[in-house]
Colleague: 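For reference, the structure I am asking about is given below.
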Amino acid sequence: MAGTTVDISAREAEVLALLGEHLSNAEIGARLFISVRTVESHVSSLLRKLEAPDRRALAQRAAETVRADRAQPAQVLPTPLTSFVGRSRERAALAALVKTHRQVSAVGPGGVGKTRLALAVAVDVATDFADGVWFVDLVPVTDQAATAVAGAVAGALGIGEQPGRTMDESVSAALADRNALLVLDNCEHVRDGVAPFLERLLATCPGLTVLTTSRARLMVPFERVYQVPPMSLDGDGESDAVALFLSRTTELRWPADPVMREHIAAVCARLDGVALAIELAAARWPALGLDGLTAGLSDQLRLLEGGSRADDRHRSVRAALDWSHALLEPADRALLRRVSVFVAPFTVDAAAEVTGSEPGSVAVGLARLAEQSLLAVASSPGATTFRALETIRQYGTEQLTEAGELADTRSRHLHWCLARAADLATARGDWRARFDTVADDLRAALAWAADRPEQRADAYRLALLMGGLTFTRTFVGESQLRFEQAAALAADPADAASALREAAAVAGCRMRGDDMYRLHQQAADAARRAGDTAATARDLATAATNAHRFWSKFEHLPTRDETVALVDQARDLAGDDPAALAAVALAEAGVIFDAYGAAQGPADNDVPQTIAYAERAVDLAQRTGDPLATSAALDSLTGARSWDGDTFGAATTARRRITLLTSAPDSPARTHELIDALGMATEAGLGAGDLTDTRRWARQLADHPLLAEVGHRATSWLLVADALAGDVEQVRAVSARFLEAWQRAGSPARSVLGPAVAAVAMIHGLRGDHDARDEWDAIMGQLGAPPEHTYGYGAVFDAIGMLHTGRARHALDRMAPEPADVWKWVTWIWLHWYVALRAEAAVLAASPDAAARVAEARTVVAGNPVAGAIVDRAQALLDGDHEGLLAVVDAFEAAGCRYQAARTLVLAGGEHAARGATVLADLGLVKMAPGPRISRS
């Protein structure tokens with residue numbers, strides 16, 4: 001409020017600032033090293049303290065404050081280790097282009113100075129971009145695919161892949177509303193991936209400008225090309241080229257005599273003004289002096305001298321590199337070309353292993369190469385690492401080829417990568433930093449080996465290891481790719497089938513049902529080629545089961561006829577194999593008898609048969625001793641029991657899955673099963689009125705690292721649980737994450753999100769915020785109005801709101817259908833809530849059949865702490881039992897349902913009503929309608 005000082009903690013201020021950068025709660029948590037739950041708590045506090053209606057208002061306020069206070073926009077740029085020299089005209093020209101065109105390519109030969117010029121220009125124009133400047137080095141990217149480029153950009157932006165979306169979609173979502181400059185460095189080797197990625201990115205991010213550096217233009221219509229010239233040679237001894245040479249020798253603390261400027265200008269001219277060549281020459285100045293430089297350059301340039309054409313500058317860089325290489329001792333030449341296989345920074349020990357040399361001699365050799373600017377050195381408390389510039393690395397690779405050492409060195413590098421990957425696969429604790437330091441080398445080694453038949457076995461092993469490592473690192477998109485790659489490389493079709501099953505499990509974690517379905521069928525084909533008919537049956541049955549069990553994860557849902565055909569095939573192939581029989585039994589329960597209530601399931605099903613088949617599936621799965629198979633079968637039994645109205649049986653079965661999976665070996669399949677188990681336990685717990693455990697499981701689901709970026713799926717049941725408990729602040733905070741993630745995902749019309757949206761709409765209705773209620777009702781409209789909303793959760797949430805505002809007759813009309821008439825839509829979660837609220841509405845509306853409805857409801861909800869308390873409250877209201885009404889307050893408090901406890905106090909009247917009104921106000925809810933007058937005998 002204006003003129004009022006708001007007490008905001010330092011941590012809240014940090015959270016507020018990051019909201020202004022449009023970061024998700026997961027991204028804020030990662031930036032501040034705090035949990036998503038803590039972030040949500042701070043957001044909730046800020047909403048209250050700043051009296052902001054929603055997260056967007058907080059973000060707008062933070063952004064306005066940041067833009068008013070900061071002198072410069074954020075610059076996420078590497079810090080050069082040496083000064084930038086000259087190029088004032090080029091700097092101004094390129095800056096002008098960046099300010100007037102959305103995509104500018106700085107093009108020129110290797111070593112000409114494109115990167116340094118781009119960095120200098122980025123600093124110059126930073127104030128024109130309110131949301132900052134970001135730099136992405138594409139050198140480590142070895143895959144031409146646009147997704148690989150998107151992954152590098154995502155890493156620089158600090159965002160993770162969002163399950164259910166591609167990486168380039170995640171990047172577009174992160175930059176959609178930013179006024180920012182993105183610098184993509186070294187695009188030439190991934191040009192085919194950069195061009196389509198930028199085309200999509202610029203189309204969806206109107207405030208974004210991109211500056212690329214490359215040896216060749218991208219050849220796209222929206223590109224404005226700036227040809228980066230060599231260092232200026234004009235002015236002889238006063239040229240930019242000479243200034244660069246002198247600057248570098250001064251930084252070496254061995255300055256050249258300015259009197260020799262004209263001679264230095266001659267050296268620079270012989271190098272064609274190429275910045276890299278000049279810097280290499282300056283690095284040798286202390287050892288050779290001008291005469292030595294002149295002699296060395298003369299020999300090499302004469303050897304590589306060609307005609308006057310566009311490639312001459314590139315040949316000049318090569319001449320400088322050849323000359324520098326010729327000045328090395330033979331051992332150092334061998335070391336330079338052999339370490340060129342490393343993509344990422346490497347240590348002395350790594351270089352010794354890959355080059356086949358002693359660590360001591362390697363350490364000395366690397367130091368000499370670093371002194372000559374052929375390697376960059378980075379020192380930290382943990383280790384000293386070396387890295388070759390890309391042009392030098394490519395030069396070294398050519399030298400490896402000429403020396404006939406390429407295959408042997410690459411093979412040693414591959415074996416080194418295999419050893420690192422194997423070590424990481426068994427490492428304990430937080431190994432992520434170690435993985436990140438070698439990941440690019442693992443990818444490069446795999447890319448090389450995958451194309452060589454003689455390396456196929458090692459390539460398969462590395463791809464398989466990479467699948468597991470990237471999954472644990474939560475690079476789930478790459479994980480699926482690596483498992484599929486391993487399957488393609490496997491010599492044994494049985495191994496291919498195993499890898500495809502892993503890929504299918506990862507696809508499930510990514511909520512890619514179509515991929516999961518495809519991969520299990522491919523696994524079946526591989527198992528068939530291996531002659532394993534039992535495994536073929538398992539995979540076919542699993543594909544069919546998953547199409548029904550995880551139907552909400554599909555873009556293109558298989559028809560029931562298609563999945564039934566798969567079940568028939570699996571049944572014919574199963575034989576007497578226990579695992580195959582268990583898989584077929586589960587498919588029969590899920591596909592034929594609709595245990596999962598899938599969208600493509602039959603309109604009705606025989607509940608006793610469904611239960612019988614589900615129980616058979618559990619029995620057969622338990623005989624296999626496989627906890628994952630047993631968990632999947634228990635999931636079918638959970639659904640079957642819900643069809644039977646056995647709310648508590650369903651909840652007990654769902655809880656068994658979590659217990660079972662807790663001790664199961666870690667794997668993508670176990671993770672996928674556990675995520676599903678947490679969701680099902682949450683839903684079943686809601687149906688049984690177990691709000692305490694339900695909210696705990698829902699929180700685990702919302703905080704799961706694989707779902708951190710998919711807030712609309714991860715938080716949906718947490719919103720339902722918090723809404724039914726009446727935790728308004730939590731609903732407001734979590735719903736902001738839900739809405740943000742849903743919009744970033746493209747606002748998908750997923751009916752599975754309906755309960756969460758209806759729950760949030762109800763809470764805003766109870767708050768009296770009609771605008772927010774309308775907004776969430778509009779979202780509900782986008783999701784559609786399935787029967788579940790009309791007769792199930794929609795009726796429950798609407799009735800709660802109507803009863804709060806004294807519209808008991810409307811609530812009764814909303815719940816007019818008898819439970820038996822809409823059983824399919826209320827049995828799972830909503831049966832107890834439906835009949836309890838329906839009974840209370842009948843009492844408050846003075847319906848003639850109120851007593852009968854209360855009695856009927858009491859039988860149905862017996863054992864449910866929340867629904868039972870609602871029925872007890874209805875009975876007390878019907879009987880005018882004031883003491884009985886007050887006793888219900890304690891029951892609601894014990895069940896963790898503070899809202900219903902406060903509502904009961906208001907219905908009790910008198911001084912209790914005042915206390916209840918205070919609690920409702922503390923919860924942020926509007927005053928509710930008073931209850932009927934109750935005598936206090």
Side-chain angles (χ1 to χ4, degrees), residues 456-465 467-468 471 479-508 513-550 558 562-592 616-633 636 664-665 667-670 672-673:
R456 187 186 184 98
D458 284 339
Y460 160 74
R461 290 175 52 214
L462 184 54
L464 202 61
L465 286 167
F471 180 81
S479 176
Q480 180 182 330
L481 172 68
R482 296 307 174 195
F483 280 125
E484 292 193 55
Q485 186 178 24
L489 291 166
D492 186 343
D495 291 335
S498 177
L500 288 165
R501 293 180 197 116
E502 295 288 343
V506 178
D514 303 76
D515 281 357
M516 186 167 45
Y517 185 68
R518 167 182 60 84
L519 289 164
H520 271 298
Q521 291 189 83
Q522 289 180 0
D525 290 340
R528 186 180 288 111
R529 292 196 304 274
D532 191 342
T533 55
T536 304
R538 291 199 306 272
D539 289 317
L540 290 172
T542 301
T545 298
N546 288 348
H548 288 246
R549 187 181 175 200
F550 303 112
E562 181 179 337
T563 54
V564 168
L566 292 179
V567 177
D568 291 339
Q569 293 177 50
R571 190 185 298 111
D572 292 340
L573 295 170
D576 58 358
D577 181 80
L581 291 172
V584 171
L586 179 58
E588 289 173 337
V591 176
I592 309 299
R616 178 171 176 267
V618 171
D619 179 58
L620 291 175
Q622 288 177 328
R623 294 183 193 180
T624 69
D626 181 355
L628 302 186
T630 303
S631 172
S636 73
S667 68
R670 181 257 185 188
H672 182 219
E673 195 68 31

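All values below were derived from every heavy atom in this structure, side-chain atoms included, with hydrogens, water molecules and symmetry-related copies excluded. These numbers come from a predicted model, not from an experiment.
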Colleague: Could you give the distance from OG1 (T563) to CD1 (I592), rounded to the nearest 0.5 Å?
Modeller: 7.0 Å
Colleague: Please determine, by modelled atom types, if R482 and Q485 share a side-chain donor-acceptor pair under 3.5 angstrom.
Modeller: yes
Colleague: Under 3.5 Å, which donor-acceptor pairs do the side chains of residues 621-628 form with other protein atoms, sequence neighbours left out?
Modeller:
| from | atom 1 | to | atom 2 | distance (Å) |
| --- | --- | --- | --- | --- |
| R623 | NE | D619 | OD2 | 3.2 |
| R623 | NH2 | D619 | OD2 | 2.7 |
| T624 | OG1 | A621 | O | 2.5 |
| T624 | OG1 | D626 | N | 3.2 |
| D626 | OD1 | L628 | N | 3.0 |

Colleague: Counting only pairs under 3.5 Å, give me each side-chain donor-acceptor contact of residues 489-496, with atom names and distances, residues two or more places apart or in other chains.
Modeller:
| from | atom 1 | to | atom 2 | distance (Å) |
| --- | --- | --- | --- | --- |
| D492 | OD1 | A494 | N | 2.9 |

Colleague: Is there a side-chain contact between L464 and F483 in this structure, where contact means two heavy atoms from C-beta onward sitting under 4.5 Å apart?
Modeller: yes
Colleague: In the structure I gave you, are the side-chain heavy atoms of D458 and L462 within less than 4.5 Å of one another anywhere?
Modeller: no
Colleague: State which residues pass ring pair (Phe, Tyr, Trp, His ring centres under 6.0 Å) with H672; sequence neighbours excluded, sorted by chain then number.
Modeller: F550
Colleague: Step by step, would you call D568 with R571 a side-chain contact (heavy atoms from CB on, under 4.5 Å)?
Modeller: CA-CA 5 Å; D568 291 339; R571 190 185 298 111; 2.9 Å; yes
Colleague: I want to check something: taking the side chain as every heavy atom from C-beta on, are Q521 and L566 in contact at a cut-off of under 4.5 Å?
Modeller: yes
Colleague: How many angstroms lie between atom OH of Y517 and atom OG1 of T545, to the nearest 0.5 angstrom?
Modeller: 11.0 Å
Colleague: What are the two closest non-hydrogen atoms of S631 and E673, and how far apart are they?
Modeller: OG-OE2, 2.9 Å
Colleague: Minimum heavy-atom separation for R456 to A488, with atom names?
Modeller: NH2-O, 2.9 Å
Colleague: Name the atoms and distances for all side-chain donor-acceptor pairs under 3.5 Å in residues 580-587, with sequence neighbours left out.
Modeller:
none

Colleague: Which atom pair, heavy atoms only, marks the closest approach of F471 to S479?
Modeller: CB-OG, 3.2 Å
Colleague: Quick one: which residue pairs count as a salt bridge (Lys or Arg N to Asp or Glu O under 4.0 Å) with a foot in residues 497-506, not counting sequence neighbours?
Modeller: R501-D539
Colleague: Can you give me the closest heavy-atom contact between R538 and A579, atom names plus distance?
Modeller: CD-CB, 3.4 Å
Colleague: Between V564 and V591, which heavy-atom pair has the shortest distance, and what is it?
Modeller: CG2-CG1, 3.9 Å
Colleague: First locate atom CE of M516, then atom CG of N546, and finally report the distance between them rounded to the nearest 0.5 Å.
Modeller: 4.5 Å
Colleague: Mind checking what makes salt bridge (charged side-chain N to carboxylate O under 4.0 Å, His left out) contact with R528, not counting sequence neighbours?
Modeller: D525
Colleague: Work out which heavy atom in V506 is nearest to a heavy atom in Q480; give both atom names and the distance.
Modeller: CG1-N, 3.8 Å
